[in-house]
Amino acid sequence: MRTNLEGSAHNSRTLLLCLRIAIGMVALGSMAGCTVGPKYHRPSAPTPAAANYKESTINFQDAPGWKVASPQEALLRGKWWEIYNDPELNALEEQVNINNQNIKQFFENLMVARAEIREARAQYWPTVTTNPSFQRSRASANLTNAFNTNTAGGTSPGGQTASTGQQTTIWSFPVDISWVPDLWGKIRNEVHQAQYAAQVSAADLENERLTEQASLAEYYFEIRGQDALQKILDETVQADQKALEVTQAAYDAGVDDYISVVEAQTTLESAQSQAINVKVARAQYEHAIAVLVGRVATDFSIPVRPELTSPPPIPTGVPSELLQRRPDIAAAERTLAEANATIGIGYGAFFPNLTLSASGGFESSAFKKWFEWPSRFWSIGPTISQTIFNGGLYRAELNQYTATYNADLAAYRQTTLTAFQQVEDYLSAVRLYSQQVERQQAAVNHAQEFLNLEMGRYETGIDPYVDVVTAQTTLLSNQETLATIQVEQMTSSVSLIEALGGGWDESQLPTPAQLTQKPPASDSAMQK
């Protein structure tokens with residue numbers, strides 16, 4: 001009876017000790033509120049002091065042209081390409097958002113980054129493992145001792161007692177628990193690093209989406225420009241064909257020289273050659289659009305439509321808004337936050353690691369007694385590890401992380417400077433191209449008048465046909481230049497919208513909390 005009481009008291013003391021150790025582990029875990037490393041603050045970026053973009057306020061009274069939208073106009077949001085009011089372009093842009101393979105690749109990169117957040121957060125929790133086993137063994141019967149006998153054995157010829165070998169059976173069901181409390185915030189910094197990296201991936205996705213959308217719009221307007229140029233050349237070929245017939249008739253009538261026929265023939269063939277060459281560029285732009293919308297170039301085509309228009313007024317907003325509207329600037333800034341969290345990880349390496357581990361389970365030589373209370377075993381205890389000397393490795397790594405942060409800071413500021421440069425570049429380009437279009441249109445009109453006059457002088461015998469050829473060449477050259485400038489104006493307007501960030505703004509960037517959540521299956525399959 002006394003033995004049973006002593007056993008019960010021993011078990012109670014054991015349970016009390018385990019309870020105290022568990023309470024101590026929880027207390028240590030609650031101490032994990034210290035986070036080492038620098039606190040992140042968004043750095044300053046170079047921004048202009050002016051309230052408006054310089055190129056949007058220049059007033060050329062003697063050369064009016066394209067104007068930006070008034071400051072009261074709402075900024076572009078969402079489907080920015082709809083500002084061009086082109087249904088065919090709208091339909092193609094929708095296909096880019098769904099089928100573009102580069103966008104899908106960046107989307108999957110974001111899914112990888114989100115999974116890495118959950119991988120980092122898994123370190124907050126203990127690791128529990130088990131390794132059930134069964135083992136049956138038999139000792140060697142030749143392990144004998146002259147001074148020991150075995151009641152189950154016999155006598156060997158040498159006079160020693162021989163053992164039959166002991167057999168053992170072990171049924172084991174261990175459970176091991178290991179936990180590293182985040183005493184110095186190292187795990188939290190790793191989680192923050194993963195969250196900021198996921199934000200970088202989200203911004204990169206939006207930047208890639210904007211790049212693909214802008215490329216499609218530019219290629220689309222290039223095709224329209226090639227169609228317009230094709231129309232010009234086709235009409236030129238028809239006019240040159242009629243001119244050849246006139247000179248041939250004059251030569252046959254004996255009122256003109258054969259040289260006029262040769263000159264007319266040369267002019268016609270040159271125009272025909274140019275008309276064929278235009279088809280090369282159009283085909284290549286069409287194939288490029290096929291890739292953008294995720295289609296095989298062999299099965300894709302865009303109808304011919306020779307139509308060139310002027311770009312609509314584009315709301316630019318004010319320079320102070322640009323930092324919140326460009327996804328590449330957001331990516332550069334989040335990269336800085338990620339680098340700052342990495343510095344915190346570097347500081348955490350200087351502090352000791354505390355590992356709390358426990359193991360227990362059941363062990364028995366008989367299966368029927370495997371899970372009985374007396375078959376239990378357990379052990380528990382903390383371990384502290386600290387690197388005493390590693391040749392300055394941690395200090396070198398910290399210096400590396402700090403230098404990386406400084407490099408990312410320079411990249412962030414360079415990205416900002418480039419953004420303002422691009423906006424000013426394309427503002428001036430669209431405005432100046434619009435003025436050039438007006439001048440070039442006047443040049444085309446006068447070249448047409450020059451050709452009409454020269455053709456009349458030739459038909460009346462005043463001027464030789466070579467003067468007509470000169471007038472024809474002048475007209476065609478001016479018409480080609482006009483079409484080229486109109487295309488440049490349209491593509492520059494697309495580049496301006498891209499430089500302004502399209503329809504994106506920083507409020508659309510997912511927060512760390514949103515990225516930490518496991519994405520629903522619909523999101524994962526969105527880009528399939």
* Heavy atoms, side chains only, cut-off 4.5 Å: are Asn207 and Arg326 in contact? -> no

* Asked: Is it true that the side chains of Ser495 and Glu218 contain a donor and an acceptor less than 3.5 Å apart?
  -> yes

* Asked: Out of Tyr84, Tyr433, Tyr426, which one pairs with Ser493 under the side chain to side chain donor-acceptor pair (under 3.5 Å) rule?
  -> Tyr84

* Does any N or O in the side chain of Gln95 come within less than 3.5 Å of the main-chain N or O of Leu92, such that one atom is a donor and the other an acceptor? -> no

* Hey, is the main chain of Thr473 close enough, under 3.5 Å, to the side chain of Ser477 for a donor-acceptor pair? -> no

* Measure the OG1-CG distance between Thr416 and Asp328 for me, rounded to the nearest 0.5 Å. => 8.5 Å

* Asked: Can Gln448 and Asn452 be counted as having a side-chain donor-acceptor contact under 3.5 angstrom?
  -> yes

* Would you say Gln479 and Thr236 make side-chain contact, with heavy atoms under 4.5 Å? -> yes

* To do: For the pair Leu205 and Asn109, evaluate side-chain contact (heavy atoms from CB on, under 4.5 Å) and give the outcome as yes or no after the intermediate values.
  => CA-CA 8 Å; Leu205 169 61; Asn109 291 341; over 6 Å; no

* Interatomic spacing from CD1 in Ile343 to OH in Tyr401 - rounded to 0.5 Å -> 10.5 Å

* Asked: Hey, are Gln248 and Asp252 close enough side-chain-wise for a donor-acceptor pair under 3.5 Å?
  -> yes

* Asp257 side chain to Ile259 backbone, donor-acceptor under 3.5 Å -> no

* **Crowding at OH, Tyr347 (>12 non-hydrogen neighbours, <6.0 Å)** => no

* Asked: Do side-chain atoms of Gln199 reach the backbone of Pro510 as a donor and acceptor pair under 3.5 angstrom?
  -> yes

* To do: Report yes or no: is the cationic atom of Arg334 (NZ for Lys, CZ for Arg) under 6.0 Å from the centre of the six-membered ring of Tyr196, at an angle within 45° of the ring normal?
  => yes

* Are the charged groups of Lys104 and Glu108 less than 4.0 angstrom apart, N to O? -> no

* Greater than 12 external heavy atoms within 6.0 Å of Lys79's NZ -> no

* From Glu307 atom CD to Thr309 atom OG1, the distance as rounded to the nearest 0.5 Å -> 6.5 Å

* Do Asn97 and Gln213 have a side chain donor and acceptor closer than 3.5 Å? -> yes

* Ser270 (side chain) donor-acceptor with Thr267 (main chain) under 3.5 angstrom -> no

* Asked: Going from CG on Leu451 to CG on Leu476, what distance comes out if it is rounded to the nearest 0.5 angstrom?
  -> 10.5 Å

* Asked: Under 4.5 Å between any side-chain heavy atoms of Glu269 and Asp240, yes or no?
  -> no

* Going through the distances and angles, do Asn90 and Trp81 end up as a side-chain contact (heavy atoms from CB on, under 4.5 Å)? -> CA-CA 7 Å; Asn90 296 343; Trp81 52 87; 3.1 Å; yes

* Asked: So, are Arg77 and Asp505 salt-bridged, with charged N and O less than 4.0 Å apart?
  -> yes

* Test item: Tyr220 and Asp86 side chains (from C-beta on) under 4.5 Å apart, heavy atoms -> yes

* To do: Hey, could you give me the CD/CD distance between Gln489 and Gln435, rounded to the nearest 0.5 Å?
  => 10.0 Å

* **Short side-chain to backbone donor-acceptor contact, Asn340 and Pro38, under 3.5 Å** => yes

* When Arg431 is tested against each of Glu55, Glu438, Glu424 for salt bridge (Lys or Arg N to Asp or Glu O under 4.0 Å), which residue passes? -> Glu55

* Asked: Is there a donor-acceptor contact under 3.5 Å linking the side chains of Gln226 and Glu222?
  -> no

* **Residues Arg121 and Glu190 bridged, charged N to O under 4.0 Å** => no

* Are side-chain N/O atoms of Gln238 and Asp234 paired as donor and acceptor at under 3.5 Å? -> no

* Would Glu88 and Arg305 pass as an ion pair if we require N to O under 4.0 Å? -> yes

* Do Pro319 and Thr47 have side chains that get closer than 4.5 Å, going by heavy atoms? -> no

* Any Lys/Arg nitrogen of Arg209 or Glu206 sitting under 4.0 Å from an Asp/Glu carboxylate oxygen of the other? -> yes

* Rounded distance [0.5 Å steps], CG in Leu244 versus CD in Glu263 -> 12.0 Å

* **Salt bridge flag under 4.0 Å for residues Arg457 and Asp467** => no

* Asked: Quick check: are there more than 12 heavy atoms from other residues, nucleotides or ligands sitting under 6.0 Å from CG of Asn85?
  -> no

* Any donor and acceptor pair, going by atom type alone, linking the side chain of Glu459 with main-chain N or O of Gly456 inside 3.5 Å? -> no

* Asked: Are Arg114 and Lys518 close enough that some pair of their side-chain heavy atoms sits under 4.5 Å apart?
  -> no

* Does the side chain of Leu336 reach to within under 4.5 Å of the side chain of Leu409, using non-hydrogen atoms? -> yes

* Non-hydrogen atoms of Pro311 and Val430 that approach each other most closely -> CG-CG1, 4.0 Å

* To do: May I ask you to say whether Asp227 pairs ionically with Arg224, meaning some side-chain N is under 4.0 Å from a carboxylate O?
  => yes

* Side chain of Asp182, backbone of Arg188: donor and acceptor closer than 3.5 Å? -> yes

* Heavy-atom distance under 4.5 Å between the side chains of Leu292 and Tyr219, does that happen here? -> yes

* To do: Using modelled atom types only, decide if a donor and an acceptor are shared between the side chain of Glu286 and the backbone of Ile223 within a distance under 3.5 Å.
  => no

* Tyr53 and Phe420 aromatic ring geometry - parallel, tilted or perpendicular at 30°/60° bounds -> tilted

* Assess the side chains of Asn189 and Gln193: does a donor N or O sit below 3.5 Å from an acceptor N or O? => no

